[in-house]
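All values reported here derive from a predicted model rather than from experimental measurement.
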Amino acid sequence: MNNSLINYNALFLRPFNKNKDKDYVFIKKDNMQHDGYCSSTVGKIEGKNVMVLNRNCFDYHPIMHQFFHTLGFAHENQRPDHYKYITSQ
């Protein structure tokens, strides 16, 4: 594999700068929800984009899953053409 691809970072996290950042992801815990609750809006909105990561969400897969939602990726079964590719039994 090309070494330049191995060292490429697609996502960079840094502290919020209120003087510079108008759009940002705010990660929080929601004590009103159960420990396995993870949530994020699908797609960027102006200003604060809230992502909820409760206790059982602190693993690579759930965190990346929520970041992909924030970037605009929905679940495959939410696509308008999903019936062409997904069958329910």
Margin query: Listing request: all disulfide (SG to SG under 2.5 Å) pairs with a residue in residues 59-89, at least two apart in sequence or in separate chains.
Written below: none

Note to self: Give me each pair satisfying disulfide (SG to SG under 2.5 Å) with a member in residues 52-89, each pair once, sequence neighbours excluded.
What the structure shows: C38-C57

Can you list every salt bridge (Lys or Arg N to Asp or Glu O under 4.0 Å) pair that touches [range], not counting sequence neighbours?
| range | value |
| --- | --- |
| residues 69-86 | E76-R79, R79-D81 |
| residues 44-53 | D23-K44 |
| residues 51-70 | D35-R55 |

Results of side chain to side chain contact (heavy atoms under 4.5 Å, CB included) for [X] - residues two or more places apart only:
| X | answer |
| --- | --- |
| F68 | M64, F73 |
| H75 | H65, H69, N77, Q78 |
| I63 | L53, F58, F67 |

Checklist line | Residue pair S40 / M51: nearest heavy atoms and the distance that separates them | finding: CB-CG, 4.2 Å

Next item on the list: With sequence neighbours excluded, tell me which residues meet salt bridge (charged side-chain N to carboxylate O under 4.0 Å, His left out) with D21.
Entry: R14

Donor-acceptor pairs under 3.5 Å, side chain of residues 27-34 to any protein atom, not counting sequence neighbours: which ones?
| unit_1 | atom_1 | unit_2 | atom_2 | d |
| --- | --- | --- | --- | --- |
| D30 | OD1 | M32 | N | 2.9 |
| H34 | ND1 | G36 | N | 3.1 |
| H34 | ND1 | Y37 | N | 3.3 |

Margin query: When you measure from the side chain of N49 to the backbone of G47, do you find a donor-acceptor pair of N or O atoms at a distance under 3.5 Å?
Written below: yes

Item checked: Other cluster members, I45 - Ile/Leu/Val/Met/Phe/Trp/Tyr, side-chain contacts below 4.5 Å -> none

Check: In chain order, what residues pass the ring pair (Phe, Tyr, Trp, His ring centres under 6.0 Å) check against F16, with sequence neighbours excluded?
Finding: Y24

